[in-house]
K.L.:
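Before I ask anything, let me first share the structure, which is written out below as structure tokens.
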Amino acid sequence: MNKKFPDGFLWGAATSAYQVEGGNSNSDWWEWEKAGKADNESGRACDYWNRYKEDHYLLQKLGTNLFRLSIEWARIEPQEGVFSEEAILHYRKIFKDLKKRNIKTQVTFWWWTSPIWFSEKYGWHKKESAEIFARYVEKVTKELGDLIDIFTTFNEPMVPLGQGYLGGVFPPGHKNPLKFFRAIKNVAEAHKASYKIIHRIKPEAEVGITYLYNWYESEGFGILLNLVNRIAQWFRIDLLGNKIKNFQDYIGVNYYRLGKIKFEMRNFKINPREQKYFCFTIEEDKDNVMKWITYPKGIYLVLKEASEKFKLPIYITENGGPTREGLDDIERIAFIKNHLAFVHKAINEGVDVRGYNFWSLVDNLEWLYGYEPCFGLIEIDYKTLERKPRKSYFEYQKIIKNNGF
Ligand code: IFM
């Protein structure tokens, strides 16, 4: 074995509440689905809400010492200012079950979905949103904080804010740059307030946020494309990151793919003629179910960049890739090893990486794409909800056991 990881390295897997729990009918994404704006309705999803013990058993067998999961705000605060003791108690049971199995919990408070009342009355573009979110964080930290090892306020907030306020394809479905910038400001305020609250209640807590930290490269027309590249980096990290400096104990890196930016000529139809125009595009891998380009070296490049930029410990909070593979998932095995080899290289060169979470433990609802892309170490049969560990599950198990490969 030549890729030995540091002693105490945390090996984990990740899921998120809305994507696996099922039945989150008080969340805005539920309404979004009902309005036909996503490929599938989540429905009972993987029914993690009821089957969490089964999944935790599989986690335990996998050998993980970390599980990254999230809590659904809409379950905990189904009406404005009214907290569900029943939901809180249920999350307590979930966290306790993980603790019993010696698995650390890395818990995210907001993973793209909000209670319907929040979206209808406020939304992130409204100033009050920060304070309202902080109230929920305070309640959860008081009630569940003793069972949370690593706190994450927001997961990749730039994705839903971009999609929800510029692209209009996520709730609240706006296309309004002004609201977009206001929403970023309010999310930053919400994060900072939460950071202080969590530390007040649990001084030793590790609190952070995760960034979708893909790697961007460009080809052709040097100067112009480098500029585009810079803008992409500013957009994905700095726009929010600069606003919350000094309010992060670690950096959560979610790395998936290469964004290869091209500048090309396209045809554009203006009736009745066809016009040519130049535009920036992102190259696609046509063989991949979500057209993503796999690029293992990118994880090394982002780790180096993040370490240099933030000078903080790093958790790889997500890394994985979508496939259509069944149980014999050779592609996923190669994916894991190739990426881990680059994580190992970064650690050897001094980057302080504390843990790695594979995305995902189980197949789950991939937002607009529905249930088609599979990310899981474990396959879900959505008819029977049977869990079937894939080959990659057993390979990852070996890596964890040996603390390397
Ligand atoms: O499924 C998502 C997750 O919710 C956030 N990070 C990226 C994953 C894959 O697209």
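Values below: every heavy atom of this structure, side chains too, minus hydrogens, waters and symmetry copies. Just so you know, residue 1 is the first one in the sequence shown, and it goes up from there. Whatever order the structure lists them in is the order used to number ligands and atoms, beginning at 1.
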K.L.:
With Phe394, which residues qualify under ring-ring contact (aromatic ring centres under 6.0 Å, His included), at least two apart?
P.N.:
none
K.L.:
Under 3.5 Å, is there a donor-acceptor pair between the Glu156 and Asn254 side chains?
P.N.:
yes
K.L.:
Tell me whether Gln106 contacts the main-chain N or O of Phe151 through its side chain, where contact means a donor paired with an acceptor under 3.5 Å.
P.N.:
no
K.L.:
Does the Thr384 side chain pair with the main chain of Glu386, one donor and one acceptor, at a distance under 3.5 Å?
P.N.:
yes
K.L.:
Who passes salt bridge (Lys or Arg N to Asp or Glu O under 4.0 Å) against Glu372, sequence neighbours left out?
P.N.:
Arg324
K.L.:
Any side chain to side chain donor-acceptor pair (under 3.5 Å) pairs touching residues 164-178, not counting sequence neighbours?
P.N.:
His125-Tyr165
K.L.:
Mind checking what residues have non-hydrogen atoms under 4.0 angstrom from ligand 1?
P.N.:
Gln19, Trp111, Trp112, Asn155, Glu156, Tyr256, Trp292, Glu318, Trp359, Glu366, Trp367, Phe375
